Amino acid sequence: MPVSYSKLFALMQDRGIKKVDLRNKYKINPKTVDSLVNNRSVTVDTIMQLCEIFECQPGDLMEYVKEPVQ
């Protein structure tokens, strides 16, 4: 399922939070951060944790991107 976390990274930039902060301050696994950076699937638990951190809803962090039909 194609997903984009560009909203998450825009939110992080607005709030002055860096990827290293996700790993160190918020204790998100480095492999999970890598999955977010590369728009790969993450667990619902991770999305819930990010919603807690940013006090937002899942749609504020991610969006579905439809794959082009071949």
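Please read all numbers here as calculations on a predicted model, not as lab measurements.
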Chemist: Taking only residues two or more places apart in sequence, or in another chain, which ones meet Asn38 in a side chain to side chain donor-acceptor pair (under 3.5 Å)?
Modeler: Asp34
Chemist: Looking at every non-hydrogen atom in both residues, tell me the closest pair between Lys19 and Val33 and how far apart they are.
Modeler: CB-CG1, 4.2 Å
Chemist: Rounded to the nearest 0.5 Å, what separates atom CD in Glu52 from atom CD1 in Ile47?
Modeler: 13.0 Å
Chemist: Looking only at side chains, do Ser35 and Thr32 share a donor and an acceptor under 3.5 Å apart?
Modeler: no
Chemist: Do Tyr5 and Val37 have side chains that approach each other closer than 4.5 Å (heavy atoms only, starting at C-beta)?
Modeler: no
Chemist: Hey, are the side chains of Ile53 and Ile28 touching, using non-hydrogen atoms and a 4.5 Å cut-off?
Modeler: yes
Chemist: Grab the two heavy atoms, one from Phe54 and one from Met12, that are nearest each other, plus how far apart they are.
Modeler: CZ-CG, 3.5 Å
Chemist: Do Leu8 and Met62 touch side chain to side chain, with heavy atoms closer than 4.5 Å?
Modeler: no
Chemist: Quick one: does Gln13's side chain have a donor or acceptor within less than 3.5 Å of a partner on Lys18's backbone?
Modeler: no
Chemist: For residues Met48 and Val44, determine if any side-chain heavy atom of one lies less than 4.5 Å from a side-chain heavy atom of the other.
Modeler: yes
Chemist: If you compare all heavy atoms of Cys51 against all heavy atoms of Pro58, which two are closest, and at what distance to 0.1 Å?
Modeler: SG-N, 3.5 Å
Chemist: Would you find a donor on one side and an acceptor on the other, under 3.5 Å apart, between the side chain of Arg40 and the backbone of Pro2?
Modeler: no
Chemist: Please name the pair of heavy atoms, one in Val65 and one in Ser4, separated by the smallest distance, quoted to 0.1 Å.
Modeler: CG2-CB, 3.6 Å
Chemist: How long is the span from the CG atom in Asp45 to the CD atom in Gln49, to the nearest 0.5 Å?
Modeler: 8.5 Å
Chemist: Measure across Phe9 and Leu36 and return the closest heavy-atom pair with its distance rounded to 0.1 Å.
Modeler: CE1-O, 3.6 Å
Chemist: When rounded to the nearest 0.5 angstrom, what is the spacing between CG in Leu11 and OG in Ser6?
Modeler: 11.0 Å
Chemist: When you measure from the side chain of Asp60 to the backbone of Gln57, do you find a donor-acceptor pair of N or O atoms at a distance under 3.5 Å?
Modeler: yes
Chemist: Step by step, would you call Leu50 with Leu22 a side-chain contact (heavy atoms from CB on, under 4.5 Å)?
Modeler: CA-CA 9 Å; Leu50 291 168; Leu22 293 179; 4.1 Å; yes
